[in-house]
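Working notes for the structure below.
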Number of protein chains: 2
Amino acid sequence: MRSIRDDRTTRAVIRDEALRLFAAGGTETVTMRQIATAAGVSPGLVMHHFGSKEGLRQEVDQYVLDVFEAMLGELTGDGGAELLDPGAGASSLSEVFARHLPTDSPLPGYLRRLLLSDTDAARLLFRRLYDLSRDALDGLAAAGLASSGRDPAVRAALLLSNDLALFLLRDRLAEVLGTDPLSADGMTRWAPEMLSIYAGGLSAVPPQPHEDTP
Amino acid sequence: MRSIRDDRTTRAVIRDEALRLFAAGGTETVTMRQIATAAGVSPGLVMHHFGSKEGLRQEVDQYVLDVFEAMLGELTGDGGAELLDPGAGASSLSEVFARHLPTDSPLPGYLRRLLLSDTDAARLLFRRLYDLSRDALDGLAAAGLASSGRDPAVRAALLLSNDLALFLLRDRLAEVLGTDPLSADGMTRWAPEMLSIYAGGLSAVPPQPHEDTP
DNA sequence: CAGAATACTATACGAGCGTTCAGTCAGTGG
DNA sequence: CCACTGACTGAACGCTCGTATAGTATTCTG
């Protein structure tokens, strides 16, 4: 599967193919032989580089975690002030990720499986995201842009949960809406609706969309 | 694993144990031998009753779908008028399911795996839920309790997605909140926060909780 | 350029998988 | 009482899995 003019090392190619296959089918279902074939090498070489299937899985895990952590790093520090500002750029985790990742990136799919797996990596990642959500809510509350609610812990969890649902149900949502919600087009449909509810609840009448930026 | 005084047929016991194991570990990971052992029978008997592992899987699928469909049936027809009424009973799918299922029921877990699997059963079920969500939103809009939003299709999908997130992220949410969000206690924390946002957005100051019903 | 290290392949092994099959046992109708 | 049927067992089959190992190419290094 290696295309001509591929600067990655063979080791990186194997890791990337494993990531892609794991994201599509889960780590249990994908076999070492499938990974080897996809990478264009022998099964033995996969063992040579990663020691075992578990070793490969852990390395892919760490790789994905590092990529997301780098993205998350961009969000930290601004206290989530971008949220609730329809004119500004990022307004949610999903949006940030969607902007930084190509549409066909296997990372969202891998993240989905990782988050739902019963592993320490999943727990750590979710805790990290939750803390981020709490900080963002605190920032919004301090700026007077939102209330922390009666139960701030639950409210932060709820906001995070709503956001992650876009990831988890991506395929199902794409089917009923006819648009991938993580694509650019999908985001322009999804984000205003979400922001409208967050701004004024379900009863509020949303403003008319404007075609051009004034 | 069969307890004394078990009125179920052996076939039903196998089906139930398979459901429990499938919910916990996924259909791919669980082996016929594990199922047989859990049901207290030989592997051959599982084959005898269900023909193949795939046959067993399909029967469990259908069984779970039937149970959920029965619950969904209770919701149909009222147009979702219960929603947004903090005093009334059901206000979301999650709440209905949580009320009808024991805390340790394997069904939510099975539903989670089913919904995220790339199967026709998953597509059909999600479509069914989505239609239900659209009907509920229409009902709310007709009753003047909510706006359909700028993009009703997206708004209905968003409400459904938020609701299902509770199912999908149940374990992770329980970890950070210290309460299972699908338990009775968890619901009394979660629901008011959700309703508050739906009623007035993030900025609205929530009313103080009242200990007794006046 | 020799030699060591590393990249890589081919083959094989044992374990565990879904499935098959011959046979035992209990109940049932004629 | 016999023949038949469905429930059920236990051993075995063929296959695929992850992994080990021996050996060959390639690259690095002094």
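Here is how names work: the chains are called A, B, and so on, in the same order as the sequence lines, proteins then strands, and each is numbered from 1.
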- Going by atom types only, do A/Arg189 and A/Thr179 share a side-chain donor-acceptor pair under 3.5 Å? yes
- Message: My understanding is that only residues two or more places apart in sequence, or in another chain, count here; which of them pass ring pair (Phe, Tyr, Trp, His ring centres under 6.0 Å) with B/Phe167?
- Response: B/Phe97
- Query: Does A/Arg134 come within less than 4.0 Å of A/Asp131, counting only side-chain N to carboxylate O?
  - Reply: no
- Is A/Asp16 paired with A/Arg11 through a side-chain N to carboxylate O contact shorter than 4.0 Å? no
- Item | Interface with DNA chain D, restricted to residues 56-64 of chain A and to heavy atoms under 4.0 Å | none
- Any donor-acceptor pair under 3.5 Å linking the side chain of B/Arg57 with the backbone of B/Phe22? no
- Query: Under 3.5 Å, is there a donor-acceptor pair between the side chain of A/Arg172 and the main chain of B/Leu115?
  - Reply: yes
- Task: Check whether any side-chain heavy atom of A/Arg127 sits under 4.5 Å from a side-chain heavy atom of B/Glu175, and report yes or no.
- Result: no
- Message: Less than 4.5 Å apart, side chain to side chain, heavy atoms only: is that true for B/Leu93 and B/Leu72?
- Response: yes
- Round to a whole Å and report the spacing from NE2 of A/His48 to P of C/dT6. 8 Å
- Task: Round to a whole Å and report the spacing from CZ of A/Phe50 to P of D/dT19.
- Result: 13 Å
- Query: Below 4.0 angstrom from OP1 or OP2 of C/dC8, is there any side-chain N or O of A/Thr10?
  - Reply: yes
- Message: One character per nucleotide, please: for nucleotides 17-24 of chain C, 5' to 3', B when the base has a protein heavy atom closer than 4.0 Å, S when only the sugar-phosphate does, - otherwise.
- Response: BBBB----
